[in-house]
Every structure is written in structure tokens, then in C-alpha cells.
Amino acid sequence: MEWAMAELLHNPAILAKVKQELSVEIGSERDVQEQDLSRLPYLEAVIKETMRLHTTAPLLLPHRAEADVQICGYTIPKHTQILVNAWSIARDTNYWDEPTKFKPERFLNSEIDFRGKDFSFIPFSAGRRICPGLNLGVRMVSLILANLVHKFEWKLPNAVEPKDMDMKDKFGITLQKAEPLVAFPVTSASC
Ligand code: HEM
């Protein structure tokens, strides 16, 4: 949520596109509701791009090999603890064009999804242990982000310019912003 808001404030042109989509699909009279989400493809692309560039759990959760396995010529012995670097996979230039750039458009007209079938993009992991909260998590983040953008204008403190925002991350079990996002909501003209 924090990374998605930070990227939108850091990229005003992308924020304007999200607002435009919401204005056309929802209008100014009401909040965004869960049943609206399927009509907001650009918002969905923003969520996916946020999860790609700022993978929530960069090394997923530790896994363990149940049996000896061969992967790309390497033998992984039974009972080895395995950490999958989903963060690095999501920035691999073999799969992603300009991987360090925030470009939601890469997910428009693309079949790539985070449901565990595309191994280049696994923010929820894949296989039997894939996050069981995937649908709930995506819906919650989408709905909250959509309403924050739809209902408010946002201002950065101390006249900070969007391009000067601190976008560094802090490595951990989850990938947090090194500097927490501070932004002020201002009532939108459409409220
Ligand atoms: C955007 C939000 C979320 C993200 C990015 C996320 C991501 C993940 C990841 C990467 C894993 C590790 C999977 C693995 O490698 O084994 C995981 C596991 C898990 N998540 Fe989530 N998650 C999110 C939301 C949720 C929510 C809302 C719930 C519950 C309501 C939830 C419940 C769980 C549980 C129980 C596991 C452990 C599954 C297992 O080990 O079998 N998650 N999640």
C-alpha cells in the first residue's frame, strides 16, 4: 500500500492516469466498491507493477526440499533449506524490459499474473504453499488505493518535488520503504 502510494506520488503522470480511469468508470458521486475492480485495468496494472518492483516478501518464506532434486544441472539434496529470491527474479533483464523503472503499462494487454503460473513474477510464491490470502490481499490493497486516489488530492510535505522523493528500500523479511511515506490528503474537488 505504502509503496503503491509512493510510486503514484513519485510519478504524477501515472497518478493522473489512475484518476482518469476512476473518473470515467466511477464518476464523482460515489466511492469505489469491490465490484468495480474488474473495470479498472490500469489500477490493476499499478498494483502488479508495485508488487513486481517492491516485492513484499523478497525471499518469500523458507522452503525445504522433500527429496533430492536436479535444477539447471545443480543437485539440491533432500532437506536443503531453499530461499527463492522473488525480488531478483522480478528484476531479471531476461524477462523484464527496463526492470528498475515503474511502468504499469507493461502489464496492460499482458497475460502475466501473480497467481503462481508465471515464474518470472511470484510475489505470492507458487505451488502448494502459495499465499492463501492472495485474493483478499489484492482486493484490499486495490480497493483502499483506489479510494485514496479517488477521494483525495495528495500533497507532499515541505514542498518536496515528486522527483526528489526518497524511494530507497530497507531489506528485511518484508521490503519496507527506508523513509516512511509522508503525504497529506486534501479534500478532492469531486468529493
Ligand atoms: C498483498 C498482500 C500479501 C502478500 C504480498 C503476501 C505474500 C505472501 C508470501 C510471499 C507468502 C510465502 C509463500 C511461500 O513462499 O511459501 C505468503 C504466505 C502466507 N500468507 Fe500471504 N500475502 C499477502 C496477504 C495475505 C493475507 C491477507 C493473508 C490472510 C488473510 C495471508 C496469509 C498467508 C498465509 C497463512 C501464508 C502461509 C502459507 C503456507 O505456508 O502454506 N497473506 N504470503
Side-chain angles (χ1 to χ4, degrees), residues 1-11 14-15 18 21-22 32-69 71-72 74 76-92 95-96 99-100 102-104 106-108 110-150 167-178 180-181 183:
M1 192 69 233
E2 184 181 22
W3 278 118
M5 275 302 284
E7 286 291 0
L8 291 181
L9 296 175
H10 188 50
N11 295 282
I14 295 174
L15 174 60
V18 177
E21 183 178 67
L22 290 166
V32 186
Q33 290 164 7
E34 194 177 341
Q35 58 268 30
D36 298 317
L37 294 178
S38 60
R39 288 185 287 115
L40 302 171
Y42 195 74
L43 177 80
E44 183 183 325
V46 164
I47 303 281
K48 285 181 174 172
E49 182 66 340
T50 304
M51 289 186 175
R52 182 194 67 79
L53 195 56
H54 307 288
T55 312
T56 311
L59 299 179
L60 306 179
L61 288 180
H63 289 246
R64 199 167 80 132
E66 286 187 340
D68 291 353
V69 271
I71 299 179
C72 300
Y74 293 92
I76 313 285
K78 184 177 178 177
H79 293 161
T80 303
Q81 189 179 73
I82 299 165
L83 299 177
V84 176
N85 194 336
W87 179 92
S88 154
I89 294 170
R91 290 163 177 249
D92 189 328
Y95 309 112
W96 304 100
T100 57
F102 188 78
K103 289 201 301 187
R106 70 174 85 239
F107 286 107
L108 294 178
S110 158
E111 296 291 305
I112 295 187
D113 205 354
F114 38 48
R115 292 178 189 279
K117 294 211 168 71
D118 302 296
F119 293 140
S120 57
F121 184 43
I122 50 168
F124 293 94
S125 190
R128 273 193 303 178
R129 305 303 292 272
I130 191 170
C131 173
L134 187 158
N135 285 318
L136 178 62
V138 172
R139 277 171 182 266
M140 279 178 6
V141 173
S142 305
L143 203 52
I144 295 167
L145 183 69
N147 278 303
L148 289 179
V149 169
H150 190 46
M167 299 297 282
K168 286 195 288 298
D169 54 29
K170 186 171 72 176
F171 180 75
I173 293 174
T174 57
L175 195 68
Q176 298 173 26
K177 261 186 109 271
L181 175 66

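Atom set for the values below is all heavy atoms of this structure, side chains included, hydrogens, waters and symmetry mates excluded. Note that ligands are numbered from 1 as they come in the structure, with each ligand's atoms numbered from 1 the same way. Just so you know, residue 1 is the first one in the sequence shown, and it goes up from there.
- Ranking protein heavy atoms by distance to atom 39 (C) of ligand 1, first place goes to Arg129 NE, 3.3 Å.
- Side-chain contact between Thr56 and Pro123 is absent, with no heavy-atom pair separated by less than 4.5 Å.
- Under 4.0 angstrom from ligand 1, the non-hydrogen atoms of Met51 all belong to its side chain.
- Those atoms of ligand 1 that come under 4.0 Å of a heavy atom in Pro132, given as number and element, are 19 (C), 20 (N), 33 (C), 34 (C), 35 (C), 36 (C), 38 (C).
- Between Thr56 and ligand 1, no N or O atom pair is found at a separation short of 3.5 Å.
- Using a 4.0 Å cut-off between heavy atoms, Pro123 contacts ligand 1 through its backbone alone, with no side-chain atom that close.
- Looking at Trp96, its side chain does come within 3.5 Å of a backbone N or O of Ser120 through a donor-acceptor pair.
- For ligand 1, the atoms closer than 4.0 angstrom to any heavy atom of Leu60 are 10 (C), 15 (O).
- Under a 4.0 Å heavy-atom criterion, Met140 is not in contact with ligand 1.
- Counting protein heavy atoms only, atom 26 (C) of ligand 1 is closest to Gly133 CA, 3.6 Å.
- For Glu66, the CD atom is loosely surrounded, since the number of other residues' heavy atoms within 6.0 Å does not exceed 12.
- The shortest N or O to N or O distance between His63 and ligand 1 is under 3.5 Å.
- The minimum heavy-atom distance between Ser125 and His63, with the atom names listed, is OG-NE2, 4.2 Å.
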Name each donor-acceptor pair under 3.5 Å that joins a side chain in residues 126-140 to protein atoms two or more places apart or in another chain, with its distance.
from, atom 1, to, atom 2, distance (Å)
Asn135, OD1, Arg115, NH1, 2.7
Asn135, OD1, Arg115, NH2, 3.4
Arg139, NH1, Glu34, OE2, 2.8

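- Among residues two or more places apart in sequence or in another chain, the side chain to side chain contact (heavy atoms under 4.5 Å, CB included) test is passed with Ala90 by Arg52, Thr55.
- The Leu136 neighbourhood of ligand 1 comprises atoms 30 (C), with distances under 4.0 Å to a heavy atom of that residue.
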